[in-house]
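Below: one structure, written as structure tokens.
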Amino acid sequence: MGIGKATSSLEELIEKAGGCAVVDGGFATQLETHGADINDPLWSALCLIKDPHLIKLVHLEYLEAGADVLVTSSYQATIPGFLSRGLSIEQAESLLKKSVTLAVEARDSFWDAAKATPGHGGYNRALVAASIGSYGAYLADGSEYSGRYGPDVGLDKLKDFHRRRLQVLVEAGADLLAFETIPNKLEAQACVELLEEENVQIPSWICFSSVDGENAPSGESFKECLDIINKSDKVNAVGINCAPPQFIEALIRKFSQFTEKAVVVYPNSGEVWDGRAKRWLPSKCSNDDKFDYFAMRWRDSGAKLIGGCCRTTPSTIQAISRALKERP
Ligand SMILES: C[S+](C)CC[C@H](N)C(=O)O
Ligand SMILES: N[C@@H](CCS)C(=O)O
Ligand SMILES: [Zn+2]
């Protein structure tokens, strides 16, 4: 795939969607709605082993709700994670591949039906974004919200951790790569260097988490983080995922000051993950019913991709999609 073509599929989708494309919502959350027990170090990736049919069902529900981008079930699917469950390297790689094929199959069957209806039923052909959760997600100790990886975790260790999974997800046919809940500058640098070293030819985005609404969870400024990312033309969009919705408008404006790349935002419901107890703590304000209003404000602030993360649902995405597509 040539560079021109590779960089354009995400931009083409944004254009087709009227200037702002819709990302799907809380994937693990919707698995739980269907009864999946993901209280496990593999978190939602456990379903790749136990309940792959649920994964496809959740993808179809988000497509129906209006998602233009599906994020795969690979957030916490890692080769070392699967090896520690007694699986072989071949089995681990095959599960990673499956995370992409399940989303591609859902997308293809949904699109085959949609394109046969007048005006495609108002849908676009969705792109499949392979989720690459941060190292902190793999640690399963909540450190994707602290960025504290300790002194033993350097650049090379992070690149080694991400390399093979990234290769398998690209080979499996993902349309783009979605680095999610990156909590510090070092890991952002690892992602950028890996994209260059592996000469990745599909588009990518890098999303950070944030717990104070101003900086990366590590306390490093987003300006520092974006300075690194801006040097790479292998990253097409940057933004925030799994942070409270009330932080997002100011962060879109901040990101727009520091980068010319497209800005992507998919916040959580505002609830806070307790990494020790492995449960969500209630949010101080309930925001789920305001996502349609927020989405329009985020679009008007400059975001080009908008969706939801943990504790948001297909009804959140339907509200976003209706707000963005009916009132462009
Ligand atoms: C986005 S968080 C809620 C994912 C789960 C976390 N990495 C853990 O395993 O505790
Ligand atoms: N793509 C993941 C992100 C978790 S923060 C999910 O939606 O489950
Ligand atoms: Zn999340």
Side-chain angles (χ1 to χ4, degrees), residues 22-34 36-48 51 54-55 58-59 61-62 65 67 69-78 80-82 84-85 96 99-100 102-103 128-149 161 165 169 174 176-183 187 205-211 217 239-245 247-248 264-281 283 287-288 291 305 307-314 316-317:
V22 177
V23 181
D24 66 5
F27 177 76
T29 301
Q30 190 62 6
L31 288 174
E32 288 185 300
T33 302
H34 289 296
D37 180 359
I38 57 169
N39 189 351
D40 186 277
L42 290 177
W43 200 50
S44 54
L46 186 62
C47 286
L48 280 166
D51 297 303
L54 280 190
I55 293 176
V58 170
H59 287 320
E61 288 173 325
Y62 278 118
V69 181
L70 286 182
V71 182
T72 64
S73 49
S74 46
Y75 177 77
Q76 215 149 306
T78 64
F82 287 134
S84 70
R85 301 303 275 261
L96 285 174
S99 69
V100 175
L102 286 167
V128 170
S131 171
I132 301 185
S134 57
Y135 181 69
Y138 154 72
L139 293 178
D141 61 359
S143 58
E144 66 260 68
Y145 302 108
S146 73
R148 284 193 291 271
Y149 290 169
F161 166 74
R165 171 170 57 164
L169 294 171
L176 63 129
L177 296 178
F179 293 95
E180 302 193 283
T181 62
I182 300 299
E187 193 162 17
W205 73 53
I206 297 182
C207 278
F208 295 87
S209 42
S210 179
V211 288
I240 297 286
N241 79 292
C242 218
F247 292 169
I248 298 301
V264 46
V265 291
Y266 50 114
N268 59 30
S269 64
E271 289 157 271
V272 175
W273 179 247
D274 179 339
R276 272 202 197 135
K278 296 218 170 281
R279 66 187 181 100
W280 289 97
L281 304 173
S283 121
N287 287 303
D288 199 42
F291 263 82
L305 293 141
C309 202
C310 296
R311 311 293 282 171
T312 68
T313 67
T316 319
I317 298 312

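Index from 1, following the sequence. Remember, it's 1-based here, ligands and their atoms both numbered in the order they're listed.
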Practice task
Using the test side chain to side chain donor-acceptor pair (under 3.5 Å), find all partners of Asp141 that sit at least two apart in sequence or belong to another chain.
Solution key: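 For Asp141 the side chain to side chain donor-acceptor pair (under 3.5 Å) partners, ignoring immediate neighbours, are Ser143.
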Under 4.0 Å, heavy atoms only, figure out whether ligand 2 is touched by the backbone of [X], its side chain, both or neither.
| X | answer |
| --- | --- |
| Ala137 | neither |
| Tyr62 | neither |
| Asn268 | neither |
| Cys310 | side chain |

Tell me: protein heavy atom nearest [atom], and distance?
| atom | answer |
| --- | --- |
| atom 8 (O) of ligand 2 | Ala28 N, 3.2 Å |
| atom 8 (C) of ligand 1 | Lys278 NZ, 3.4 Å |
| atom 9 (O) of ligand 1 | Gln76 NE2, 2.8 Å |
| atom 5 (S) of ligand 2 | Cys309 SG, 3.5 Å |

Exercise for the section: Decide if the gap between the ring center of Phe179 and the ring center of Trp205 is smaller than 6.0 angstrom. Expected result: no
Problem - Leu42 vs Phe82, side chain to side chain contact (heavy atoms under 4.5 Å, CB included): CA-CA, chis, key distance, verdict - result: CA-CA 8 Å; Leu42 290 177; Phe82 287 134; 3.9 Å; yes
Exercise for the section: Show your working on side chain to side chain contact (heavy atoms under 4.5 Å, CB included) between Ser209 and Ile240 and close with a plain yes or no. Expected result: CA-CA 6 Å; Ser209 42; Ile240 297 286; over 6 Å; no
Problem - Contact (N/O only, under 3.5 Å) between Glu180 and ligand 2 - result: yes
Practice task
Could you tell me whether some N/O pair between Phe27 and ligand 2 is separated by less than 3.5 angstrom?
Solution key: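 Yes, since at least one N or O of Phe27 sits under 3.5 Å from an N or O of ligand 2.
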Practice task
Ignoring hydrogens and angles, state whether a donor on the side chain of Tyr75 or Thr181 is under 3.5 Å from an acceptor on the partner side chain.
Solution key: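 Side chains of Tyr75 and Thr181: pair found under 3.5 Å.
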Practice task
Determine whether the side chain, the backbone, both or neither of Tyr145 has a heavy atom under 4.0 Å from any heavy atom of ligand 1.
Solution key: side chain
Problem - Electrostatic pair Asp40-Lys278, nearest N-O below 4.0 angstrom - result: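 Salt bridge absent between Asp40 and Lys278.
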Handout entry: Listed partners of Ala36 passing side chain to side chain contact (heavy atoms under 4.5 Å, CB included), at least two apart
Key =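 With neighbours one apart ignored, the set is Leu31, Ile38, Cys47, Asp51, Leu54.
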Problem - Those residues that, when tested against Arg148, pass side chain to side chain contact (heavy atoms under 4.5 Å, CB included) (two or more places apart) - result: Ser146
Practice task
Look up atom CG in Leu169 and atom OG1 in Thr72, then write down how far apart they are to the nearest 0.5 Å.
Solution key: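 One gets 6.0 Å once the value is rounded to the nearest 0.5 Å.
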Problem - Gly275 to ligand 1, any heavy atom closer than 4.0 Å - result: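 Outside the 4.0 Å threshold, so no.
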Handout entry: Atoms in ligand 1 with a heavy atom of Trp280 nearer than 4.0 Å
Key =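 Checking each atom against Trp280, I get 3 (C).
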Practice task
Within a distance under 4.0 Å of any heavy atom of Glu144, pick out the atoms of ligand 1 and give their elements.
Solution key: 1 (C), 2 (S), 4 (C), 6 (C), 7 (N)
Exercise for the section: Would you check the N or O atoms of Trp43, main chain and side chain alike, for any that come under 3.5 Å of an N or O of ligand 1? Expected result: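 The answer is no, given that Trp43 and ligand 1 share no N or O pair closer than 3.5 Å.
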Please check: side-chain N/O of [X] versus main-chain N/O of [Y], any donor-acceptor pairing under 3.5 Å?
| X | Y | result |
| --- | --- | --- |
| Asp37 | Asn39 | yes |
| Thr29 | Arg311 | yes |
| Asp24 | Val71 | yes |

Short list, please: which atoms of ligand 2 are under 4.0 Å from a heavy atom of [X]?
| X | answer |
| --- | --- |
| Trp43 | 4 (C), 8 (O) |
| Thr181 | 5 (S) |
| Cys242 | 5 (S) |

Exercise for the section: Anything under 30° is parallel, anything over 60° is perpendicular, the rest tilted; go ahead and classify Tyr145 against Trp280. Expected result: perpendicular
Exercise for the section: Start with the C-alpha gap between Gln30 and His59, add the side-chain angles, then the distance that decides, and say whether side chain to side chain donor-acceptor pair (under 3.5 Å) holds. Expected result: CA-CA 9 Å; Gln30 190 62 6; His59 287 320; over 6 Å; no
Practice task
Return the number of protein N, O or S atoms with a distance to the Zn ion (ligand 3) smaller than 2.8 Å.
Solution key: 3
Problem - Note, Ile55 side chain near Phe27 side chain (heavy atom, < 4.5 Å) - result: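 Counting from C-beta outward, Ile55 and Phe27 do come under 4.5 Å.
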